[in-house]
Student: 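Below is the structure I would like to discuss, written out as structure tokens.
Here the structure is a predicted model, which is why all the values come from computation and not from measurement.
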Amino acid sequence: MKQLLLIVVASALLGAGCELKFGDDIELIAPNVTAREMAEVTQRTGIQFPVGATGLGYVFFGSGIDDALAIKVLIPEEKKSYFLKNNLFQSGKKNKPSLQIGSNQSWWNLKELKDREDRTQSLPKGRYVECSFGKAEEKWVAYISWMST
């Protein structure tokens with residue numbers, strides 16, 4: 001009887017203590033990628049977008065244990081130098097991205113980039129960001145992935 005009681009109590013404690021709260025998954029394409037999503041990316045990655053930057057695609061995975069996001073952003077030609085002043089391009093490693101959180105999205109196509117620059121960077125609290133930036137159809141585009149571990 002004591003063993004059964006012990007099992008019931010242990011199960012109840014484990015069940016109560018392991019309740020994980022997950023968020024929602026969000027998938028958007030232009031014109032539905034708004035300043036709100038751009039601000040969310042800035043808050044999580046530290047990447048500042050210049051005025052006139054346009055979100056072309058956005059996905060946020062919040063329903064799993066570790067949050068992750070990906071965004072494709074059009075950077076105006078005249079704002080390229082502003083964008084490249086971000087810390088990621090100043091001190092990040094010159095590694096090709098490995099996460100590619102957005103790789104299953106129709107708008108995610110790193111192969112289209114020419115004059116490409118790749119950067120990766122570990123962030124505080126087990127977070128990680130990477131970016132591929134280059135020209136696609138004569139326009140500057142950034143592909144950004146972020147994840148929390």
Student: Is there a path of hydrophobic side-chain contacts, each under 4.5 Å between heavy atoms of I, L, V, M, F, W or Y residues, that connects Trp108 with Leu113?
Tutor: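 Same cluster: Trp108 reaches Leu113 through Ile, Leu, Val, Met, Phe, Trp or Tyr contacts under 4.5 Å.
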Student: Mind checking the OG1-CZ spacing from Thr149 to Arg127? Nearest 0.5 Å is all I need.
Tutor: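 Reported value, rounded in 0.5 Å steps: 8.5 Å.
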Student: With distance as the sole test, does Ser132 use its side chain to make a donor-acceptor pair with the main-chain N or O of Tyr143 at under 3.5 Å?
Tutor: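 No; zero donor-acceptor contacts below 3.5 Å.
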Student: Backbone N or O of Tyr58 within a donor-acceptor pair of the Glu37 side chain at under 3.5 Å?
Tutor: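 No; zero donor-acceptor contacts below 3.5 Å.
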Student: If you count heavy atoms of other groups shown closer than 6.0 angstrom to CD of Gln90, is the number above 12?
Tutor: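 Correct, the count exceeds 12.
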Student: Any side-chain to backbone donor/acceptor pair from Asp25 onto Gly62? Under 3.5 Å, distance only.
Tutor: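 Between the backbone of Gly62 and the side chain of Asp25 there is a qualifying donor-acceptor contact (under 3.5 Å).
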Student: Mind checking whether Phe60 and Leu28 sit in one hydrophobic cluster, side chains of I, L, V, M, F, W, Y counted as touching below 4.5 Å?
Tutor: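 Yes, one cluster joins them.
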Student: Which atom pair, heavy atoms only, marks the closest approach of Gly102 to Val59?
Tutor: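 Scanning both residues completely, I find the closest heavy atoms to be CA-CG1, 4.3 Å.
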Student: Would Leu56 and Val33 count as a side-chain contact (heavy atoms from CB on, under 4.5 Å) here? Give the steps.
Tutor: CA-CA 7 Å; Leu56 301 175; Val33 182; over 6 Å; no
Student: What's the separation between atom CD1 in Ile71 and atom OG1 in Thr45, rounded to the nearest 0.5 Å?
Tutor: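 So the CD1 of Ile71 and the OG1 of Thr45 are separated by 9.0 Å.
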Student: Shared ILVMFWY cluster between Phe89 and Val73, side chains joined below 4.5 angstrom?
Tutor: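 Per the 4.5 Å side-chain linkage, Phe89 and Val73 are co-clustered.
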Student: What distance separates Met147 CE from Leu99 CG, expressed to the nearest 0.5 Å?
Tutor: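 Met147 atom CE to Leu99 atom CG measures 6.0 Å (nearest 0.5 Å).
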Student: Is there side-chain contact between Arg44 and Asp67, with at least one heavy-atom pair below 4.5 Å?
Tutor: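 Side chain of Arg44 against side chain of Asp67, heavy atoms only: contact under 4.5 Å found.
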Student: To the nearest 0.5 Å, what is the distance between NZ on Lys94 and CD on Glu117?
Tutor: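 Spacing of NZ (Lys94) from CD (Glu117) equals 7.5 Å.
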Student: For the side chain of Trp107 and the backbone of Lys72, is there at least one donor-acceptor N/O pair under 3.5 Å apart?
Tutor: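 Checking the backbone N and O of Lys72 against the side chain of Trp107, no donor-acceptor pair under 3.5 Å is found.
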Student: I'd like to know if the side chain of Asn86 reaches the main chain of Gln48, judged simply by a donor and an acceptor atom lying under 3.5 Å from each other, with no hydrogens or angles considered.
Tutor: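 Yes: the side chain of Asn86 pairs with the backbone of Gln48.
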Student: Any chain of hydrophobic side-chain contacts (each under 4.5 Å) joining Trp146 to Ile47?
Tutor: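 Linked, Trp146 and Ile47 end up in one cluster.
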Student: Can you find a pair of side-chain heavy atoms, one from Tyr82 and one from Pro76, that are under 4.5 Å apart?
Tutor: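 Counting from C-beta outward, Tyr82 and Pro76 never come under 4.5 Å.
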Student: Can you tell whether the side chains of Arg36 and Glu40 come within less than 4.0 Å, N to carboxylate O?
Tutor: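 A salt bridge is absent here (no side-chain N lies under 4.0 Å from a carboxylate O).
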Student: I want to check something: taking the side chain as every heavy atom from C-beta on, are Leu123 and Gln121 in contact at a cut-off of under 4.5 Å?
Tutor: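 Heavy-atom side-chain distance check passes, below 4.5 Å.
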Student: Does some side-chain heavy atom of Lys135 sit less than 4.5 Å from a side-chain heavy atom of Glu77?
Tutor: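 Yes; the side chains approach each other to less than 4.5 Å.
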Student: Considering only heavy atoms from C-beta outward, does the side chain of Leu110 approach that of Arg116 to under 4.5 Å?
Tutor: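 Sidechains of Arg116 and Leu110: in contact.
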Student: Are the side chains of Lys93 and Arg119 in contact, using a 4.5 Å heavy-atom criterion?
Tutor: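 Contact flag for Arg119/Lys93 side chains = no.
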Student: Can a cation-pi geometry be assigned to Lys80 and Trp140, taking NZ or CZ under 6.0 Å from the six-membered ring centre and within 45° of the ring axis?
Tutor: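 Output yes; distance and angle both within limits.
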Student: Classify the ring geometry between Phe49 and Phe83 as parallel (under 30°), tilted (30 to 60°) or perpendicular (over 60°).
Tutor: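 Rings of Phe49 and Phe83: parallel, as their planes differ by under 30°.
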Student: Is there side-chain contact between Val141 and Leu74, with heavy atoms separated by less than 4.5 Å?
Tutor: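 Yes, side chains in contact.
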Student: Please test Leu84 against Phe133 for side-chain contact (heavy atoms from CB on, under 4.5 Å), starting from the C-alpha separation and ending with a verdict.
Tutor: CA-CA 9 Å; Leu84 291 174; Phe133 179 69; 3.8 Å; yes
Student: Quick one: closest heavy-atom pair of Asp118 and Pro97, and the distance?
Tutor: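 Scanning both residues, the minimum pair turns out to be OD1-CD, 3.4 Å.
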Student: Is there a side-chain contact (heavy atoms from CB on, under 4.5 Å) between Ile101 and Leu69 once you walk through the steps?
Tutor: CA-CA 6 Å; Ile101 302 299; Leu69 67 77; 5.8 Å; no
Student: Please confirm whether the backbone N or O of Met38 pairs with a side-chain atom of Gln43, one donor and one acceptor, at under 3.5 Å?
Tutor: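 Judged by distance alone, no pair lies under 3.5 Å.
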Student: Can a donor-acceptor pair be found, under 3.5 Å and without considering hydrogens, that links the side chain of Ser122 to the backbone of Tyr128?
Tutor: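 A pair under 3.5 Å: no.
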